[in-house]
Amino acid sequence: MSFMQKPKVSHSQRLHNELGLSLRDYEGSMSTLCAGCGHDSITAAIIQAFWELNIEPHKVAKMSGIGCSSKTPAYFLSQAHGINAVHGRMPSIATGANAADRNLYYIGVSGDGDSLSIGLGQFIHALRRNLNMLYIIENNGVYGLTKGQFSASADVGSKAKKGEVNLQPPIDPAIAALTLGGSFVARSFSGDKAQLVPLIKAGIMHNGFAMLDVLSPCVTFNDHEDSTKSYAHTRQFYHPAVHADFIPSKQPIRAAYDNGDAMPVELHDGSTVVLRKVSKDYNPTDRAQAYSYLHAHQKRGEIVTGLLYIDEAQREMHELSNTVGQALRDLPYSELCPGSAALEELQSQYC
Amino acid sequence: MKPTDTSNPDYFHKVVDCQWACPAHTNIPEYIRLIAQGRYADAYLLNRESNVFPGILGRVCDRPCEPACRRGRVDEKPVAICRLKRVAADNRGDISKRLPQIPKQKNGKRIACVGAGCASLTVANDLMPLGYEFVIFEKQHEPGGLMRTNIPAFRLPAQVLTEEIDMIVDMGVDLRLNQPISSMRTLLQQGFDAIFVGSGAPRGKNLDIPGRYDDTAHVHIGIDWLESVAFGHINSIGKRVLIIGAGNTAMDCCRSSLRLGAHDVKVMARKPLSMTKASDWELEEAVEESVEMVECHSPKEFVIKNGRIAGMLFEVMEYQDDHGKLKSRVVAEKFYPADDIVLAIGQENAFPWIESDIGIELDKWHVPVVDKTTMQSTRPGIFFGGDSAFGPKNIIWAVEHGHQAAISIHKYCHGEDLTDRLAYAMNLTSTKMGIHEWSYSNSFDPSVRRLVPHVSLKERFKKINIEVELGFSAEQAQVEVERCLNCDIQTVFFAPLCIECDACIDICPTACLTITANGDEDELRGRLKAPAENRQQPLFVSAALKQTGRVMVKDEDQCVHCGLCAERCPTAAWDMQRSVLKIPYAGDQNPQPAPQRRTA
Ligand SMILES: Cc1cc2nc3c(=O)[nH]c(=O)nc-3n(C[C@H](O)[C@H](O)[C@H](O)COP(=O)(O)OP(=O)(O)OC[C@H]3O[C@@H](n4cnc5c(N)ncnc54)[C@H](O)[C@@H]3O)c2cc1C
Ligand SMILES: Cc1ncc(C[n+]2csc(CCOP(=O)(O)OP(=O)(O)O)c2C)c(N)n1
Ligand code: SF4
Ligand code: SF4
Ligand code: SF4
Ligand code: SF4
Ligand SMILES: [Mg+2]
């Protein structure tokens, strides 16, 4: 970690977004992660995405569990709300927060340990209830914070720093999300911001649970030669399947997209994700096909990335439960708490 | 783009904007750090190595370094480089024992200098320690040249001047005052091994328009008038004074007039004030003293009434930019009353004492033909420097000419080829002390530029030689030094180590770094993390990176040398290395660069 704060000086021609804020206004405190950690790069991508989306930082809630990855919400959007939950339990807290105020933008940052080991149950239920949030798994194949034990995403045959070999099969969060009915399934790499930033933007604007698995090398415990989650390995087996361009609602979609390879998907708020397929036969709106494509490439050791699957029509938690549109905070007290008579009446329905 | 060749000393030198802009390449960031540590004598001596007159220059240098200073690009106002130099000079204490030693055993070579201005004094300063004998002929009764005769004492106190000149004269220079050289031929016959002409550009330009000679008692040539003021021959002037011209000489003339009894002083500029050659700070000080600046007034006629100056008639001009050319037209005429008029419209070279048949070629403006590198005239063994060489410039240029002439004279006296000169060299050493510790103060200090305190307007006019600027207090200096960005602590990149993790790119506060596909410069400048619009500042481009074949690009323009890129790099592909420019001086052997730890 660095002891020095990032100095309060910017490029003299610093740009401002529509809110008049500069990129640096979306920063948080100085990272305490190891120098070169992929997680820091994802933090930078998140900052970039929120800045470009012109979202006011105080309209955002940052949720996380425990792990190096889960520490990162402290490093972006210092003016947003946030909860650093118990290990693996962030999805429940996020569900509660979202239930209370559906009008904030929710971003969860988790790790492969946090989401795929201790928090697997929490993770898949949040996905199942289509909680309206961007859920990022910063995936490095290890428990970074506890010094590099294999996590549930470690590949078979991948070696730890001291040499032991992982024998158990990995849980692939993208495949899991596809099979469990996820409405937005994406994968990217901390070292590819050109791909990552639009995916974060699309994930934030998606109406429902946007699962974004981001390969994010742990430089300290999992960036050696026989690791399958290192910078070098990821780059070598990197396989982008679909590029996603995020186009805000006000902007026209370029005519160049009109050929068959580009597929515009309109999001809830009127913005559009234009999917540009790398392989012609891939269809990111066909769940079964997406699954088999991923599976086939996974067998070859390839890492398929991009916006792999999207279904904007699926209903999110509030729509499923028919809850009020406002934040509970804004409801008049008489409506929020109609009194014991109303409770009795309600209970009588179940007698 | 091709990978940047950082082994060329110019690359990292240019990053140190101030040092690159300083004609004598003073190691500014290093002396600022020495001041920060309270090592004033060391800071003074480091200055003295390249600029010879730190106390003088710390007050009146033309400061080409300051407009170049990086801090001015990042944060509006440059570091007060010049004022910090004065801090070193004012607090240096006794450094006499640390001045260059003069050998008792002389080398048998005798050099003559014409004029005891800063150029000649620099030559003596560089060559006396090598065993030369020096005779300096000076027509005035005091040494110092224009620094003594023209720069007013309220900017440069005589004592400061005398101290620094004495450091050189006391090396054993044979200074012959009141001895004008009136014939180069005669001088040549005296058997000197080489001659250096440092006689300045002594002739003030005249304004030959109607009425010029009708009341010569009240029309003055600026530099001659300032000289008379300096030597006490003139101690009063009329109440209303017009200064014709708006350069630095005009600023000294108007402010001197105020101290000699004038109440209403106007500086009359022919062009818009935005185009004047006067330095901003000199203009500001004149304005502070209530001098009125009048622009776009072209002199037409000295108006005489009853045989005495009554004022001047001007044509009021309008200027228009016509495809880069300035077009003017007269829109009116206007009369300004005055009791005295001072002409401050420039200086010229004049060498009535150099015979035309002795092989020293002068061009049509009477400027000698001098080699820009060797400072030698068309007659071997005769060298020029300072204002005498290429027309009026400033002190720091005169000093640099002096250094170069000294190298040439040393070579000339030893039968060496004058053009076979040592190149600049660059040493780099890491400043890494620990994982997060650097041997320099790397954090960015957001303080604004300190203002130098001035003697109050009430006090300063009481005598002609009250120095207006007081210099920084210790507290002010301690803040100002931290504003320096340590541009000599270079970001050195080692491409084979980079794993393209983006950490440096994400952390850089001023968005200097980008990893991207290579391209040609124009195109590349357009697609960096922040647009690289300042073409004066180079791009660093690395060799192809191992994992993706992309390149690391750094736009040098706004780097604040905070070291965060190096601090956040997991593989130490970036390092912060202190660069030291090795400047060759007379008598230097081929400098052996210290072994380099690692360079790109
Ligand atoms: C009013 C004014 C203000 C200035 N202010 C500044 C300033 O603030 N900062 C700055 O950097 N520069 C300033 N300058 C410019 C600066 O003073 C000169 O560029 C510098 O002094 C040149 O140095 P030099 O050694 O070449 O010549 P000079 O300083 O001109 O010295 C030449 C010497 O040679 C002597 N000499 C001439 N002919 C003969 C002869 N035939 N025989 C013997 N001796 C002779 C002269 O008496 C003089 O002493 C100013 C100039 C003027 C006119
Ligand atoms: C209930 C509980 N169990 C175990 C731990 C110890 N622990 C802390 S972080 C962590 C794993 C974090 O791994 P991951 O989510 O992948 O984050 P990374 O550090 O790799 O980013 C574990 C097991 C804990 N803090 N709490
Ligand atoms: S231990 Fe690994 S995951 Fe944690 S900060 Fe360091 S590099 Fe990142
Ligand atoms: S910041 Fe310091 S080192 Fe950089 S140009 Fe200015 S004075 Fe020189
Ligand atoms: S030293 Fe490095 S991080 Fe700091 S401004 Fe320069 S390039 Fe950026
Ligand atoms: S931090 Fe170091 S390894 Fe990472 S991209 Fe920058 S130079 Fe390369
Ligand atoms: Mg992990």
Side-chain angles (χ1 to χ4, degrees), chain A residues 1-15 22-24 27-28 30-48 72 75-76 140 189-194 196-197 215-221 223-225 230-238, chain B residues 70-76 434-438 441-446 485 498-512 514-517 528-534 545-550 555 557-574:
Chain A
M1 64 177 269
S2 290
F3 300 115
M4 193 182 129
Q5 284 302 311
K6 183 162 167 176
K8 289 264 174 275
V9 55
S10 313
H11 194 278
S12 60
Q13 296 170 353
R14 68 178 185 169
L15 299 169
S22 80
L23 201 60
R24 300 223 40 201
E27 288 178 355
M30 184 79 172
S31 170
T32 55
L33 302 185
C34 305
C37 176
H39 300 351
D40 278 338
S41 256
I42 302 173
T43 297
I46 292 171
I47 290 170
Q48 178 89 25
T72 63
Y75 314 141
F76 59 84
N140 54 15
F189 169 40
S190 67
D192 184 4
K193 285 206 189 65
L196 179 56
V197 173
L215 294 175
S216 176
C218 168
V219 273
T220 302
F221 297 113
D223 195 39
H224 43 271
E225 228 166 58
S230 65
Y231 281 107
H233 184 95
T234 308
R235 288 202 164 98
Q236 194 182 344
F237 293 93
Y238 201 52
Chain B
R70 171 179 305 265
R71 181 85 193 206
R73 297 199 294 277
V74 181
D75 183 32
E76 289 182 15
I435 302 179
H436 311 291
E437 254 186 304
W438 307 93
S441 160
N442 62 326
S443 65
F444 178 88
D445 187 323
L485 300 170
C498 176
I499 58 170
E500 300 172 56
C501 72
D502 278 4
C504 54
I505 298 182
D506 297 336
I507 199 68
C508 177
T510 48
C512 308
T514 312
I515 296 181
T516 184
L528 298 181
K529 195 160 176 215
E533 280 161 8
N534 182 358
L545 301 177
K546 221 168 40 188
Q547 293 194 8
T548 63
R550 297 178 298 169
D555 176 11
D557 186 35
Q558 310 240 337
C559 172
V560 294
H561 298 262
C562 64
L564 278 172
C565 50
E567 196 160 316
R568 297 304 294 167
C569 179
T571 62
W574 285 112

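In what follows, chains are A, B, ... by sequence order, proteins preceding strands, each numbered from 1.
We find the NE2-CG distance between A:H11 and B:L528 to be 9.5 Å, quoted to the nearest 0.5 Å. The OG1 atom of B:T548 sits 12.0 Å away from the OH atom of A:Y238 when rounded to the nearest 0.5 Å.
Residues B:E500 and A:R235 meet the side-chain proximity criterion, which asks for heavy atoms closer than 4.5 Å. In this structure, A:P7 and B:L564 have side chains that are in contact, with non-hydrogen atoms separated by less than 4.5 Å. Counting heavy atoms from C-beta on, the side chains of A:S12 and B:Q558 come closer than 4.5 Å.
If you measure heavy-atom distances from B:C562 to chain A, the contacts under 4.5 Å come from both the backbone and the side chain. Interface residue B:P509: backbone and side-chain heavy atoms are both found under 4.5 Å from chain A. Residue contact with chain A, scored on non-hydrogen atoms closer than 4.5 Å, involves the backbone of B:C508 exclusively. B:E76 does not touch chain A: none of its heavy atoms, backbone or side chain, sits under 4.5 Å away. In this structure, chain A has no heavy atom under 4.5 Å from any part of B:D75.
Minimum interatomic distance between A:M30 and B:I507 (heavy atoms only, all atoms of both residues): CE-CD1, 3.7 Å. Contact record, B:D506 with A:D40: OD2-O, 3.8 Å, taken as the closest heavy-atom pair. A:S190 and B:D502 make their closest contact through O-OD2, 4.4 Å (heavy atoms, listed as atom of the first residue, atom of the second, distance).
Ranked by non-hydrogen atom pairs under 4.5 Å with chain B, the options A:K8, A:R24, A:E27 are led by A:R24. Most heavy-atom pairs under 4.5 Å with chain A: of the set B:C512, B:A503, B:P570, this distinction falls to B:P570.
In terms of modelled atom types and a separation under 3.5 Å, the side chain of A:S41 and the main chain of B:C501 share a donor-acceptor contact.
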